[in-house]
Asker: 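Okay, here's the structure, questions in a sec.
Just so it is clear, the structure is predicted and the values come from calculations on it, not from any experiment. All residue numbers refer to positions in the sequence shown, counting from 1.
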Amino acid sequence: MSKMPESAELPTCPGCEEPLESGDRFCGACGYDLSAVPPRPADQPTLVMNAPGPVRPGGPAPDPADMRWPAAAGRDSSAAPAPALLPEELPGPDSAGGRLSARPGDFELPAPRATAPGAAQGPSDPRTAGPAPAAPVAPTAPVPAGAKLCVACRAGRVDTDGYCENCGHAQPRERDHVEQELGAVAAVSDRGLRHHRNEDAFAVSCAALPDGTPAVVAVVCDGVSSATRPDEASAAAASSANESLLESLPRGTHPQQAMHEAIVVAAEAVNSLAPVAAGALDGDPHRHRNAPACTIVGAVVASGLLVIGWIGDSRAYWVPDDRQGPPARLTEDDSWAAQMVAAGLMSEAEAYADERAHAITGWLGADAYELEPHTASFKPDRPGVVVVCTDGLWNYAEGADEMARALPADAARRPLHAAQVLVGHALDGGGHDNVTVAVLPFAVPPQGAGSA
């Protein structure tokens with residue numbers, strides 16, 4: 001079926017620019033024959049990318065030499081002219097759906113790689129044949145060489161307060177759990193299950209006496225929690241006492257005298273912390289009663305002699321290897337409970353059941369009433385093991401028989417394992433306090449060997 005020719009539907013007359021209405025075949029103002037207007041070209045909104053303008057139907061193809069990309073207008077953030085891309089530098093299809101012509105130097109966009117949901121994908125780099133590496137998720141700034149990494153996110157740096165700068169996770173402190181073994185002695189210290197930090201400290205070492213025989217040393221200290229900086233006090237006391245013993249024993253000083261001197265040196269080291277602590281507590285009228293403080297107990301095994309020294313309520317126990325002889329506690333506490341028992345005012349069971357039982361009456365620190373180191377020498381007649389510990393252990397094995405039952409039978413051969421078992425015994429019992437224990441095997445010297 002034929003159709004009437006449609007009007008050009010021009011908005012104005014080509015002759016007089018009079019507005020036209022739909023369906024007009026002649027201009028009502030000048031009589032212009034609107035049927036003579038050439039038909040509107042087919043709708044081609046897309047420009048050919050390499051031509052300077054629209055290509056007229058049937059017209060000649062443009063000369064490639066005349067193809068020019070217009071100069072970019074404007075400037076970038078550095079005030080330099082904004083770069084302009086050539087048509088052949090544009091990847092992908094043109095707006096008409098066809099692929100841009102491939103020319104030397106053109107590149108193809110790589111196929112999308114499978115990425116995990118939510119993962120960031122790096123931008124394409126036109127200078128390479130693939131996408132640039134994806135930016136790291138964390139951290140925002142590189143971690144300096146030598147800095148500690150967070151144990152949780154493994155990306156953030158740990159600040160001086162012990163927290164991750166990336167995820168905020170609190171980091172375990174170095175002293176939360178410490179183990180050391182020197183063959184003839186071993187020690188383990190653990191924060192326990194209730195405390196937020198470990199205020200105990202230990203030091204173990206070996207020295208040689210003038211005659212060449214070995215001397216084994218163990219020092220255990222317990223920071224007083226009611227004082228300031230108890231962790232620093234215990235660390236300073238253990239380290240200084242150990243150094244003093246390592247200096248005096250090789251000179252030939254008798255081990256009992258060396259132990260006494262070591263406790264005095266440890267007290268001086270703790271006292272030296274007080275001025276710093278007091279300066280940090282300006283305005284506190286009771287700061288002189290808050291100086292750093294700790295207890296101490298040490299043991300030296302040398303030439304068949306066992307020497308113990310202590311101040312406070314940290315203890316030393318003796319357990320024979322064969323378990324035929326009786327075990328023994330080698331120290332007496334400087335505590336309220338011990339004073340009540342010594343004065344005959346209470347039985348041991350009654351005294352230690354009292355809430356004041358663990359109030360100590362002797363310690364190392366600037367506000368200690370009087371420095372009175374306790375020392376004692378023993379000469380066991382059989383091989384055994386010396387257990388040196390804080391109250392975090394003996395609270396769960398108070399009597400010598402209880403300590404002997406908790407100590408593994410092979411403690412003399414495996415001192416580190418024995419120390420680990422004893423710490424585990426305290427943790428299994430509740431772990432209400434820091435737990436520190438050193439295990440020293442004691443071997444009876446052969447007949448004719450010299451003595452200290």
Asker: Scan residues 388-410 for pairs that pass ring-ring contact (aromatic ring centres under 6.0 Å, His included), counting only residues two or more places apart or in two chains.
Answerer: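 Qualifying pairs: His358-Trp394.
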
Asker: Looking only at non-hydrogen atoms, find the nearest pair between Ala237 and Ile296 and report the distance.
Answerer: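 Distance-wise, the nearest heavy atoms are O-CD1, 4.5 Å.
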
Asker: If only side-chain N and O atoms count, and only distance matters, is there a donor-acceptor pair under 3.5 Å linking Ser314 with Thr390?
Answerer: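 Judged by distance alone, the side chains do not pair up.
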
Asker: Could you tell me if Ser234 and Arg175 have a donor-acceptor pair between their side chains, going purely by distance under 3.5 Å?
Answerer: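 Arg175 vs Ser234: donor-acceptor pair found between side chains.
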
Asker: Go through the structure and list residues passing side-chain hydrogen bond (donor to acceptor under 3.5 Å, both in side chains) with Gln256, not counting sequence neighbours.
Answerer: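 Partners of Gln256 by the side-chain hydrogen bond (donor to acceptor under 3.5 Å, both in side chains) criterion, ordered by chain and then number, come out as Thr375, Ser377.
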
Asker: What's the verdict on side chain to side chain contact (heavy atoms under 4.5 Å, CB included) for Ser244 and Leu246, showing C-alpha distance, side-chain angles and the deciding distance?
Answerer: CA-CA 5 Å; Ser244 177; Leu246 291 181; over 6 Å; no

Asker: Side chains of Glu261 and Thr253 only: does a donor on one sit below 3.5 Å from an acceptor on the other?
Answerer: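 No, Thr253 and Glu261 have no side-chain donor paired with an acceptor closer than 3.5 Å.
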
Asker: I'd like to know whether OH of Tyr163 has more than 12 heavy-atom contacts from other residues, nucleotides or ligands below 6.0 angstrom.
Answerer: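 Open.
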
Asker: Would you say Met403 and Leu422 make side-chain contact, with heavy atoms under 4.5 Å?
Answerer: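 Yes; the side chains approach each other to less than 4.5 Å.
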
Asker: Please check if the distance between the ring centroids of Tyr369 and Trp363 is under 6.0 Å.
Answerer: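 Yes, the ring of Tyr369 comes within the 6.0 Å limit of the ring of Trp363, centre to centre.
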
Asker: Go through the steps for Val437 and Val423 under the test side chain to side chain contact (heavy atoms under 4.5 Å, CB included), then give the verdict.
Answerer: CA-CA 7 Å; Val437 57; Val423 169; 3.6 Å; yes

Asker: Among residues two or more places apart or on two chains, list those pairs meeting ring-ring contact (aromatic ring centres under 6.0 Å, His included) that have a residue in residues 173-201.
Answerer: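 Of all non-adjacent pairs touching residues 173-201, none passes ring-ring contact (aromatic ring centres under 6.0 Å, His included).
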
Asker: Looking only at side-chain N and O atoms, does Ser189 offer a donor or acceptor that is under 3.5 Å from a partner on Asn198?
Answerer: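 The answer is yes; a qualifying pair exists.
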
Asker: Within a reach of under 6.0 Å around CD of Glu179, are more than 12 heavy atoms found that belong to other residues, nucleotides or ligands?
Answerer: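 Counting other residues, nucleotides and ligands, CD of Glu179 exceeds 12 neighbours.
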
